[in-house]
Peer 1: 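I have a structure I would like to understand better, so I am pasting it below and will then ask my questions one at a time.
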Amino acid sequence: MGARAVRSSWIVLLAGLAVLVVGIGLLLDGSGGCAAAEMRAGNKCITDGDGAARTLDQTTAEGHPAAPLTLGLGGLLGAAGVWLVFFADRSIRPVTGVGDRIELARRHGWRFADVDRELLADWADNPDFGADQRAYAVLRGSYRDLEFVVFDFRRPGSGSAGTAWIVYLPHPSRTFVEWATTQQPLYRRPLHKAGVRSDAIVDIGREQHRSTDPDAVLRQVRALAEIVQRFEARTAASS
């Protein structure tokens, strides 16, 4: 999601909170105040002229007529703002193209290739990739000293497209497979379908990932790299 979209999400959230504040003000003003022709004395409203009095606790507690509507609107806007800011998927439809990956390659000195015929040869046992499959829109680079690759693929049989992210371990370790598969965060957002082997960890998306924000491409890379770094730290501590 671009900066403009992020700002719009925050605007919706702040607008919802502002409307909620107005609604609460209307509710309190309408339920506990005296009319313009009345004076307040303690918990009573005294009418000018005839001195008639009424106690505030006997008035209706409904508040200002516009209070319920304002509170409802504020609640809806606030809920929408929270979802947009914290939970909305930043990716957009595949028609956007792969300019985000090309831009990252240019910015960081990484490598981009339209097609890689050899990348998936080592992953032929994975049913999402299959044998003799090609990888498309391939971005290779290094994040926190860990090699990674991002690419698109087509599933055997159905031909449906998806995006995968792979982060490689500095040194292969059979212990990593056992350790990683017992980590609950491995299967939490933003990861989709994680898989591990002794030298790498992969996340396989249900669809092709596209975004107007190049850095959104690295969201899965960061999550996978964090898992590898936790394992490396544990290994270093135990040794």
Peer 1: side-chain contact (heavy atoms from CB on, under 4.5 Å) with Ala161: which residues, sequence neighbours excluded?
Peer 2: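 Scan of Ala161 (side-chain contact (heavy atoms from CB on, under 4.5 Å), adjacent residues dropped) gives Arg154, Gln208.
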
Peer 1: Find the distance between OG1 (Thr163) and NE2 (His192) and round it off to the nearest 0.5 Å.
Peer 2: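 Nearest 0.5 Å value for the OG1-NE2 distance: 9.0 Å.
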
Peer 1: Does the pair Arg219/Asp213 count as a salt bridge with the N-to-O cut at 4.0 Å?
Peer 2: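 The answer is no: the pair does not qualify as a salt bridge.
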
Peer 1: Test your reading of the model: is there a side-chain donor-acceptor pair from Trp165 to the backbone of Leu191, 3.5 Å cut-off?
Peer 2: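 No, Trp165 side chain to Leu191 backbone: no donor-acceptor pair under 3.5 Å.
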
Peer 1: Would you say that Val21 contacts Leu17 through its side chain, given a criterion of any heavy-atom pair below 4.5 Å between the two side chains?
Peer 2: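 The answer is no, as the side chains (C-beta and beyond) never meet within the 4.5 Å cut-off.
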
Peer 1: Walk me through it: do His209 and Val150 pass the test side-chain contact (heavy atoms from CB on, under 4.5 Å)?
Peer 2: CA-CA 10 Å; His209 180 274; Val150 182; over 6 Å; no

Peer 1: Taking atom CZ of Arg107 as the centre, report whether more than 12 heavy atoms of other residues, nucleotides or ligands fall under 6.0 Å from it.
Peer 2: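 Enclosed: over 12 neighbouring heavy atoms sit under 6.0 Å from CZ of Arg107.
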
Peer 1: Mind checking who shares a hydrophobic cluster with Leu120, ILVMFWY linked at side-chain heavy-atom distances under 4.5 Å?
Peer 2: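 Members besides Leu120, by chain and number: Leu119, Trp123, Phe129, Val138, Val149, Phe151, Phe153, Ile166, Tyr168, Val202, Ile204.
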
Peer 1: Contact between Thr235 and Thr175 at the side-chain level, heavy atoms closer than 4.5 Å - yes or no?
Peer 2: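 Counting from C-beta outward, Thr235 and Thr175 never come under 4.5 Å.
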
Peer 1: Taking the side chain as every heavy atom from C-beta outward, state whether Asp203 and Pro190 have any atom pair closer than 4.5 Å.
Peer 2: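 Side chain of Asp203 against side chain of Pro190, heavy atoms only: no contact under 4.5 Å found.
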
Peer 1: So, for Val228 and Pro170, which heavy atoms are closest and what is the spacing to 0.1 Å?
Peer 2: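 Minimum heavy-atom separation between Val228 and Pro170: CG1-CD, 4.2 Å.
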
Peer 1: Determine all donor-acceptor pairs shorter than 3.5 Å in which one atom belongs to a side chain in residues 140-147; sequence neighbours excluded.
Peer 2:
unit_1	atom_1	unit_2	atom_2	d
Arg140	NH2	Asp116	OD2	3.0

Peer 1: Test of understanding: clusters of I, L, V, M, F, W, Y form through side-chain heavy atoms closer than 4.5 Å, transitively. Do Tyr136 and Ile102 belong to the same one?
Peer 2: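 Unlinked, Tyr136 and Ile102 end up in two clusters.
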
Peer 1: Throw together a table of side-chain donor-acceptor distances under 3.5 angstrom for residues 108-115, partners on residues two or more places apart or in other chains.
Peer 2:
none

Peer 1: Identify every side-chain donor-acceptor pair in residues 193-200 under 3.5 Å, counting partners at least two apart or on other chains, and give the distances.
Peer 2:
unit_1	atom_1	unit_2	atom_2	d
Lys193	NZ	Asp128	OD2	2.8
Arg197	NE	Asp199	OD1	2.6
Arg197	NH1	Asp122	O	2.8
Arg197	NH2	Asp199	OD2	3.4

Peer 1: Restricting to salt bridge (charged side-chain N to carboxylate O under 4.0 Å, His left out), what partner residues turn up for Arg222, sequence neighbours left out?
Peer 2: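 Residues passing salt bridge (charged side-chain N to carboxylate O under 4.0 Å, His left out) with Arg222: none at all.
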
Peer 1: Quick one, Asp215 and Leu104 - any side-chain contact, counting heavy atoms below 4.5 Å?
Peer 2: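 They are in contact (side-chain heavy atoms under 4.5 Å apart), so the answer is yes.
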
Peer 1: Evaluate the side-chain proximity of Asp152 to Arg101: yes if any heavy-atom separation is below 4.5 Å, no if none is.
Peer 2: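 When only atoms from C-beta onward are counted, Asp152 and Arg101 do touch, with a gap below 4.5 Å.
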
Peer 1: When rounded to the nearest 0.5 angstrom, what is the spacing between CZ in Phe176 and CD1 in Ile227?
Peer 2: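 CD1 of Ile227 is found 7.0 Å from CZ of Phe176.
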
Peer 1: Any side-chain donor paired with an acceptor under 3.5 Å for Asp100 and Ser211?
Peer 2: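 Their side chains do not contain a donor-acceptor pair, so the 3.5 Å distance test is not met.
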
Peer 1: Can you list everything that forms a ring pair (Phe, Tyr, Trp, His ring centres under 6.0 Å) with Trp179? Sequence neighbours excluded, please.
Peer 2: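 With neighbours one apart ignored, the set is Phe231.
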
Peer 1: What residues, two or more places apart in sequence or in another chain, satisfy side-chain contact (heavy atoms from CB on, under 4.5 Å) together with Ser238?
Peer 2: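 With sequence neighbours excluded, Ser238 shows a side-chain contact (heavy atoms from CB on, under 4.5 Å) to no residue whatsoever.
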
Peer 1: With sequence neighbours left out, what residues match Glu226 under side chain to side chain donor-acceptor pair (under 3.5 Å)?
Peer 2: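 With sequence neighbours excluded, Glu226 shows a side chain to side chain donor-acceptor pair (under 3.5 Å) to no residue whatsoever.
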
Peer 1: Applying side chain to side chain donor-acceptor pair (under 3.5 Å), name anything that partners Arg117, two or more places apart in sequence or on another chain.
Peer 2: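 Counting only residues at least two positions away or on another chain, Arg117 forms no side chain to side chain donor-acceptor pair (under 3.5 Å).
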
Peer 1: Would you give the length of the straight line joining atom CD of Glu103 to atom CG of Leu139, rounded to the nearest 0.5 angstrom?
Peer 2: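 Spacing of CD (Glu103) from CG (Leu139) equals 11.0 Å.
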
